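Here the structure is laid out as structure tokens; the discussion comes afterwards.
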Amino acid sequence: MANRDNAGASATPAERKMPPMVDVMVIGAGFAGLYAHYKFREIKFTTFGFEAAPEIGGTWFWNRYPGARCDVESLDYTYSFSPELLDEWRWSERFATQPEILRYANHVADRFELRREIAFDTRVTSATYDEAANQWTIETNRGDTVRCRYLVTAVGCLSLPKPPEIAGIEDYQGRWVQTAAWPREPVDYAGKRVAVIGTGSSGVQSIPLLAEQAVQLTVFQRTPNYSVPAHNGAVDPEYEAQVRADYAEHCRQRLRTKGGVPPRINTGLPAMEVTEEERRAKFEEAWKFGTFTLQSVFRDITSNPEANAAVAAFVHGKIRGVVKNPAIAEKLIPKGYPFGTKRLCLDTGYYATFNRDNVELVDIRATPIERITRTGIKTNEREYPVDLIVFATGFDAMTGPLLALNIRGVGGKSLNDAWKDGPFSYLGLTIAGFPNLFTINGPSSPSVLANMLPAIEHHVDWIVDCISHMESNGFDRVEADEDAQNAWANEVAEIAAETLYPQSNSWYIGANVPGKPRVFMAYIGGFDRYIDRCDEIVGNNYAGFSFSVSGANGAGGLTDGFEAMQEQQ
Ligand code: N01
């Protein structure tokens, strides 16, 4: 397994030339962390960053399993902040592979010299707010201590893999790996008996490729997922020319969409307002086009049970059409939860893989896994001897990576306590009781429901604007108001309740992690509407935020909103 801990790293903090104090500490060096360094440097702030991996890339460093690729089209999975960068980078495939995306991240880091203020192989073990000094103290597993005025988390939403939760793993004599921490050196599965546990996006992407080389592949499925064909291939030159004709404008349009991607097929209509024939024709068109269009081709697919049932029936028919053995097809057909309310998967040949002679599907709801043995996996029906177990069992999503930082705010209150009933955050950007802490793509922002690149850019720009605004008005401390935070939590929950999403046991709602509070963790009102809400709040004198001059800088005192800031000047 790739080492996610690196506790054995040797150099001392002095040898590693840690600055004792910086303006901004950025935790994480994926796309969010890279852009944060770039942006803060632009306003002449000193930054430093810690990254647990040995290299940049975040998600795209760790998830290097066979078949890993993005489910957003490459031309949209790009930064927009630099016209030169947009011009010079060329994607080879419609949906880029993990290695190509990692090359892009490295290209960006090289081009803008973003590596120099990042310490790699270093995991943050605590982040503590010191009220008297109005500073954060960050400690790491390598004994570093760095202080900063502002703390920015860029830790990703899907970056803390769930540990293998199945009894007996310690007895297993074969090899096991996780898709979310796939080793850097090649994993040999050719000619081996391989088991995959989990059929979310990571399982769905890796299963067809594992099946091509394994002598036997056994897939242990707990919940069948909806998967739609990616129809991957080379980037369509015509479409690329169209986008590149005004790439900047294309990127601006992303901000005016629900998911951060300009929709390609979108009727804008409620599904049941057209005839059955028209509906079916649109579903076919969306299916042929690929991506997540099937989810957005009509505007009420994830809010109207009837519309949802129509698209679900359409996909069930597709699965029956591909999978030759009707009993296997029935096992693969998702039932009991609405289409699209667990994250849709995008596949290349997933369902057809179950037509292969060397692939077996085990429904572990019908025959649960009892334990892992020395030689394989034992269900209540029989034992499956395997040489390699692939855990594609997902993540402690969204809150997990933040809680793992061991964050303590005002009065030593831990984030784990503050979030024991679920994540409370204002705009997904700030948390009451945790001054000068900013969370890029934090819970209760669109985050995982939007194209990550524009979502990251929006958040980083917002944070930099907020801090610039404070600094130019003589303030050095900002904090979300508890009331505003509660009102935002209600708004997020109310919008989610208008949809079918809360009906499924998804990671969006924390249902995949035993004991996790059941709270819908993303803002589902649309990226465009979210941006409008952020603008409205800023335009309304940063309503819901308190800015102050901390005791550390002399005057002290707390004021509410921008008007008050101006009064104080
Ligand atoms: O994880 P998942 P993932 N015993 O949580 C099963 C993004 N992503 O890594 O549904 C047995 O979706 C679990 O079953 P159930 C994307 O946002 C994107 O695949 O909980 N089974 C499920 O089948 C995605 O949604 C891409 O009943 C267990 C599976 O394991 C997110 O990451 C590619 C189990 C986990 O599925 C997570 O995807 C990859 C247990 N104890 C990932 N625990 C792109 O395409 C869990 N399962 C860009």
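All figures in this text were calculated on a predicted structure; none of them were measured in a lab. Every number for a ligand or one of its atoms is a count from 1 in the order of the listing. Note that the numbering runs from 1 along the sequence shown for the chain.
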*What is the closest protein heavy atom to atom 10 (O) of ligand 1, and at what distance does it sit?*
Lys342 NZ, 2.8 Å
*Tyr35 and side chain to side chain contact (heavy atoms under 4.5 Å, CB included): which partner among Leu114, Ile440, Asp461, Val108?*
Asp461
_Test of proximity, Trp507 against ligand 1: N or O pairs below 3.5 Å_ = yes
*Nearest to atom 39 (C) of ligand 1, what protein heavy atom do you find, and at what distance?*
Tyr65 OH, 3.1 Å
*With Ser444 as reference, evaluate Tyr523, Tyr530, Trp488 under the side-chain hydrogen bond (donor to acceptor under 3.5 Å, both in side chains) test and give the passing residue.*
Trp488
_Heavy atom of the protein closest to atom 20 (O) of ligand 1 (residue, atom name, distance)_ = Arg222 NH2, 3.0 Å
*Calculate, to the nearest 0.5 Å, the distance between atoms CG and CD belonging to Asn308 and Gln503 respectively.*
8.5 Å
*For ligand 1, which atoms, with element, lie under 4.0 Å from some heavy atom of Arg365?*
27 (O)
*Looking only at protein heavy atoms, which one is nearest to atom 15 (P) of ligand 1, and how far off is it?*
Thr223 OG1, 3.4 Å
_On the six-membered ring of Tyr239, is Arg94 placed so that its NZ or CZ lies under 6.0 angstrom from the centre and within 45° of the ring axis?_
no
*Answer yes or no on whether Arg222 is positioned over the face of Phe220, meaning its NZ or CZ is under 6.0 Å from the six-membered ring centre and within 45° of the axis.*
no
*Tell me, which protein residue and heavy-atom name are nearest atom 45 (O) of ligand 1, and how many Å apart are they?*
Gln205 NE2, 2.9 Å
*Could you tell me the residue and atom name of the protein heavy atom closest to atom 43 (N) of ligand 1, and the distance to it rounded to 0.1 Å?*
Lys162 NZ, 2.9 Å
*Any ion pair linking Glu212 and Arg356 (charged N to carboxylate O, less than 4.0 Å)?*
no
*N/O separation below 3.5 Å, Ser201 to ligand 1*: yes
*Would you please classify the geometry between the Trp182 ring and the Tyr65 ring as parallel, tilted or perpendicular, with 30° and 60° separating the classes?*
perpendicular
*If you measure every N/O of Asn225 against every N/O of ligand 1, is any gap under 3.5 Å?*
no
_Tyr226: which of His316, Lys342, Gln295 passes side-chain hydrogen bond (donor to acceptor under 3.5 Å, both in side chains)_ = His316
*Answer with side chain, backbone, both or neither: which part of Ile364 has a heavy atom less than 4.0 angstrom from an atom of ligand 1?*
side chain
*Side-chain donor-acceptor pair under 3.5 Å between Thr373 and Glu383, yes or no?*
yes
*Distance from atom 1 (O) of ligand 1 to nearest protein heavy atom, with residue and atom*: Gly394 CA, 3.1 Å
_Shortest protein contact, atom 35 (C) of ligand 1 (heavy atom only)_ = Ala392 O, 3.3 Å
